[in-house]
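FYI, side chains are in, hydrogens and waters are out, and symmetry mates aren't considered; it's all heavy atoms of this structure. Within every chain, numbering begins at 1; the chains are lettered A, B, ... in the order of the sequence lines, protein sequences first and strands thereafter.
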2 protein chains.
Amino acid sequence: MSRTEPAGMFTIGEAARASGVKVPTIRYYEEIGLLPAPPRTEGGRRSYGAADMRRLAFIRHARELGFEIEAIRTLLQLQDQPDQSCAAADAIARDRLIEVERRIASLTALKAELQRMVEGCSHGHVAACRVIEILADHGECRHHHGPAEPGGLGR
Amino acid sequence: MSRTEPAGMFTIGEAARASGVKVPTIRYYEEIGLLPAPPRTEGGRRSYGAADMRRLAFIRHARELGFEIEAIRTLLQLQDQPDQSCAAADAIARDRLIEVERRIASLTALKAELQRMVEGCSHGHVAACRVIEILADHGECRHHHGPAEPGGLGR
DNA sequence: CCTAACTCCTCTAGCGACTAGAGGAGCAAG
DNA sequence: CTTGCTCCTCTAGTCGCTAGAGGAGTTAGG
């Protein structure tokens, strides 16, 4: 083996491959204080240990589940103090669950309206297009006001 | 009636109230060329006509349905040329429908995982907390890799 | 006519969570 | 010793707004 890295340590690239988090994103997490700044090699490169790798996996998974950075910050703090009550972690997860349920409901309504649009489309010209028509006339639809998806749009 | 506005014209505030789009957002739509720059009153205020009001309602509704600004731009161009085939509009709506369906599927998977988290929580201390545990150990879950929600997070 | 309250104007900066790119240096293999 | 990869820092851009400063036009009441 031709490792320059100290034993049991990983480069940022290895950490990225292992966690599925991109290199610039790892650096970003460090910048915002989500991941501690790791020691550096002589050449000035970041050198991650097993604990960092676990933390990164935790963050990745939490982001996949849609937790916001601030929520993850709180969850990580909780993880660091295992004697505390887990009520806070529970609350964060519950909030997220409620939000996900709300978004599913709202997306399901959108789906119905989009289906009406594409099914009603007669594939003729624009003047008779159901897609354009429904968009133009809000009164035509069952869909009530209020942002469809909290962030505005389903990105 | 004590209108200073030309007959049949509306202030930006009226346009905002009628459409449900906020005043700064209307100005933003003008800036990015989604809404044409309206004529101004002597005092330099924007003065919207009925066509603008319709266009704004169209945009609002399309945004509610989660169409991206660029997609709306295309839809508006189509609307302006009613003799063209509506195939493009149809394709945009279909794409959006597929995306919404994908997001519902992915959010449903998230929901299941979040439910396992909160249901498994024994309300004790963090060391034994299912929420923290599942987040820490990705192998514990049925949830496979890849960003859960396209934009990363369910805002 | 004057004033207070309201709306409007422009402009810049900020949000969240990254992503992209420039310009340079370290490092492993041939 | 060169080639090519990875890494470094730094700045700026993404999307769709939102917030706020600082000023000007407008309306209702006194």
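Considering only side-chain N and O atoms, B:Thr11 lies under 4.0 angstrom from the phosphate OP1 or OP2 of C:dC8.
Here D:dC7 presents its P atom at 8 Å from CD of A:Glu14, a figure rounded to the nearest Å. Atom pair B:Ile72:CD1 and D:dC17:P shows a separation of 8 Å (rounding to whole Å applied). Rounded to an integer number of Å, the gap from CZ of B:Phe10 to P of C:dT7 is 18 Å. As a whole-Å value, the separation of A:Arg17 CZ from D:dC7 C1' is 12 Å. Look at CD on B:Glu68: it is 9 Å from C1' on D:dC15, rounded to the nearest Å. Taking atom CD of A:Glu70 as the reference point, atom P of C:dC15 lies 12 Å away to the nearest angstrom. Going from atom CZ of B:Phe67 over to atom P of D:dC15 covers 18 Å, rounded to whole Å.
For the pair B:Leu65 and B:His61, the minimum side-chain heavy-atom distance is below 4.5 Å. In this structure, A:Leu110 and B:Glu64 have side chains that are not in contact, with every pair of non-hydrogen atoms separated by 4.5 Å or more. Using a 4.5 Å cut-off on side-chain heavy atoms (C-beta onward), A:Asp52 and A:Phe10 make no contact. Side-chain contact between B:Leu76 and B:Ile59 is present, with heavy atoms from C-beta onward closer than 4.5 Å.
Residues of residues 37-56 of chain A having a heavy atom closer than 4.0 Å to DNA chain C, listed by number: A:Gly43, A:Arg45. Within residues 21-33 of chain A, the residues that have a heavy atom under 4.0 Å from DNA chain C are, in order of number, A:Lys22, A:Thr25, A:Tyr28, A:Tyr29.
Within the structure, salt bridge (charged side-chain N to carboxylate O under 4.0 Å, His left out) pairs that include any residue of residues 19-37 of chain B comprise B:Glu30-B:Arg46 (at least two apart or interchain).
Annotation: salt bridge (Lys or Arg N to Asp or Glu O under 4.0 Å) contacts of A:Arg73 (sequence neighbours excluded): A:Glu70. In this view, A:Arg45 satisfies the salt bridge (Lys or Arg N to Asp or Glu O under 4.0 Å) rule with no residue, not counting sequence neighbours. Qualifying salt bridge (Lys or Arg N to Asp or Glu O under 4.0 Å) partners for B:Arg94, counting only residues two or more places apart in sequence or in other chains: B:Asp90.
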